[in-house]
Colleague: 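Next up is a structure, given as structure tokens.
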Protein chains: 2
Amino acid sequence: MRKKTTVPLKESCVDAAREVIAESGLEALSLREVARKLGVSHQAPYRHYPSRDHLLAAVMSKCFIDFRAHLEARQASDNPDQDLGELGRAYLSYARSHSLEYRLMFGTPWPAPAEHPDLVRNAVYAFDVLRGVLRRLGEHMPAAQIDQRALFIWSCMHGLSGIRAGDVMQHLAIDSAVAETASEQVLAMIGLALRPPE
Amino acid sequence: MRKKTTVPLKESCVDAAREVIAESGLEALSLREVARKLGVSHQAPYRHYPSRDHLLAAVMSKCFIDFRAHLEARQASDNPDQDLGELGRAYLSYARSHSLEYRLMFGTPWPAPAEHPDLVRNAVYAFDVLRGVLRRLGEHMPAAQIDQRALFIWSCMHGLSGIRAGDVMQHLAIDSAVAETASEQVLAMIGLALRPPE
DNA sequence: GCTATCTTGTTGACACTGTCAACAGCGAGG
DNA sequence: CCTCGCTGTTGACAGTGTCAACAAGATAGC
């Protein structure tokens with residue numbers, strides 16, 4: 001039922017869409033379901049989003065904002081090394097507790113990115129958090145090396161998240177102690193890879 | 001048009017489905033399109049697959065077989081260290097050249113895994129290739145540590161593949177030299193993380 | 001050889017989806 | 001007052017997955 005409060009339908013659509021995704025999964029998201037949830041006709045959302053993909057892009061954009069906020073709300077630490085660890089933990093915990101939205105952000109083809117500058121901008125903002133921490137970690141490190149390290153760390157985080165979100169891992173008969181401590185183990189491995197030589 | 005040769009429709013469906021996926025993407029796959037491609041009625045595939053998801057599972061299963069074959073066909077090397085590198089290169093090249101099928105295997109929720117033991121088995125076989133290489137690399141290493149290393153390396157591979165397959169990376173203004181050499185850089189980082197301490 | 005049954009494929013229908021087109025109320029500006 | 005733009009509605013169309021009823025052809029038992 002449509003809320004009596006004067007919150008614009010445009011924003012309500014995004015919220016309702018996220019509810020549907022959280023309840024019934026990504027593929028179950030349909031414009032008509034959103035409209036039904038808001039108590040409006042099946043065409044009302046079309047006044048604000050020219051297609052299903054445009055609504056999806058708006059949802060993704062908002063997800064990136066939340067994701068970034070979650071990363072920035074990590075446990076504070078003055079030690080840059082430790083700070084990187086906390087950032088990793090924040091990344092992994094978000095991916096775990098919002099696995100459907102995580103897959104939407106990183107595992108779904110973007111609908112016509114050129115048409116959605118907001119989406120791109122918010123995604124870059126999230127990545128910049130990692131860049132920032134690494135910049136503090138390696139004081140006068142060339143930008144290329146920062147990006148290289150960022151890409152490596154991001155790969156580890158994204159890979160572990162993706163593996164855990166999917167159904168593959170549950171069937172691999174992986175040592176249960178390993179599976180449970182995977183986050184810390186991978187973070188430790190990153191620490192090893194980044195430690196200075198010799 | 002249905003081939004006159006007596007190849008069973010059941011297998012033709014899987015091949016046709018893979019064609020559709022390769023041509024038009026994952027979400028464009030529909031049972032009716034498959035039937036049309038084979039020149040049969042829209043219900044014919046239902047005689048062999050009780051639902052769209054069952055056909056999808058069959059496709060995924062075959063993809064895992066091909067994936068494993070690609071991994072095993074990697075450049076041979078007696079040096080276990082080098083062999084691990086080659087395995088990584090094979091993984092990354094497969095993910096790059098079959099990005100849609102890769103996403104199907106690892107980025108799509110499995111349809112009722114319990115009902116598809118083949119699918120699970122073939123996925124485990126593929127993972128066992130990595131386990132085997134690591135077992136040769138660390139001769140008398142406990143199984144738990146093997147699994148831990150496998151999970152870490154898999155995370156790196158899967159993460160980099162997923163990032164490159166998605167649309168996110170293209171918009172991050174990453175140093176182009178870094179982007180182009182990402183595969184080797186990440187493999188090198190893995191080597192660093194695995195090297196013995198001190 | 002004839003019949004019954006199983007396998008494989010066909011046609012037709014239903015509910016659901018995204019999307020287009022035409023229409024309705026309604027507030028702001030001339 | 002009257003028009004126009006914004007927002008929302010109703011109705012239609014093609015496409016989808018899936019269920020049900022039917023048809024033809026192979027196969028097994030007698």
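Bear in mind the structure is a predicted one, so any value in this text is a computation, not a measurement. Letters A, B, ... mirror the listed sequences (proteins, then strands); counts begin at 1.
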Colleague: Salt-bridge test for D128(B) and R68(B): reply yes if a basic N is under 4.0 Å from a carboxylate O, no otherwise.
Modeller: no
Colleague: Rounding to an integer number of Å, can you tell me how far L38(A) CG sits from dT9(D) C1'?
Modeller: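 After rounding, the reported distance stands at 15 Å.
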Colleague: How close or far is atom C1' of dC6(D) from atom NZ of K10(A), stated in whole angstroms?
Modeller: 13 Å
Colleague: If you look at every heavy atom in A123(A) and V168(B), which pair is closest and at what distance?
Modeller: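 Smallest interatomic distance, heavy atoms only, reads CB-CG1, 4.4 Å.
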Colleague: Under 4.0 Å from any atom of DNA chain C, heavy atoms only: list the residues of residues 25-33 of chain A that qualify, in numerical order.
Modeller: S30(A), L31(A), R32(A)
Colleague: If the condition is side chain to side chain contact (heavy atoms under 4.5 Å, CB included), which residues does E101(A) pass it with, not counting sequence neighbours?
Modeller: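 Scan of E101(A) (side chain to side chain contact (heavy atoms under 4.5 Å, CB included), adjacent residues dropped) gives R18(A), C63(A), Y94(A), H98(A).
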Colleague: On the nucleotide dG18(C), are OP1 or OP2 found under 4.0 Å from the side-chain N or O atoms that Y46(A) carries?
Modeller: no
Colleague: More than 12 heavy atoms of other residues, nucleotides or ligands under 6.0 Å from CZ of R96(A): yes or no?
Modeller: no
Colleague: Would you check if there is a donor-acceptor pair between the side chains of S183(A) and R164(A) at a distance under 3.5 Å?
Modeller: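 Result is yes, a qualifying pair exists.
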Colleague: Just one of F152(B), Y102(B), F127(B) clears the ring-ring contact (aromatic ring centres under 6.0 Å, His included) bar with H158(B), so which one?
Modeller: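 Among the candidates, only Y102(B) passes.
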Colleague: Within less than 4.0 Å of OP1 or OP2 of dT16(D), is there a side-chain N or O belonging to R36(B)?
Modeller: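 Checking dT16(D) against R36(B), a side-chain N or O does come within under 4.0 Å of OP1 or OP2.
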Colleague: How long is the line joining NE2 of H42(A) and C1' of dT7(D), in whole Å?
Modeller: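 The distance from NE2 of H42(A) to C1' of dT7(D) comes to 15 Å, rounded to the nearest Å.
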Colleague: Look at the side chain of R103(B) and the backbone N and O of L100(B), then say whether any donor-acceptor pair between them is shorter than 3.5 Å.
Modeller: no
Colleague: Between CD1 of I153(B) and SG of C156(A), what distance do you get to the nearest 0.5 Å?
Modeller: 10.5 Å
Colleague: Check each residue of residues 47-63 of chain B for a non-hydrogen atom within less than 4.0 Å of any atom in DNA chain D, then write out the ones that pass by number, or none.
Modeller: R47(B), S51(B), R52(B)
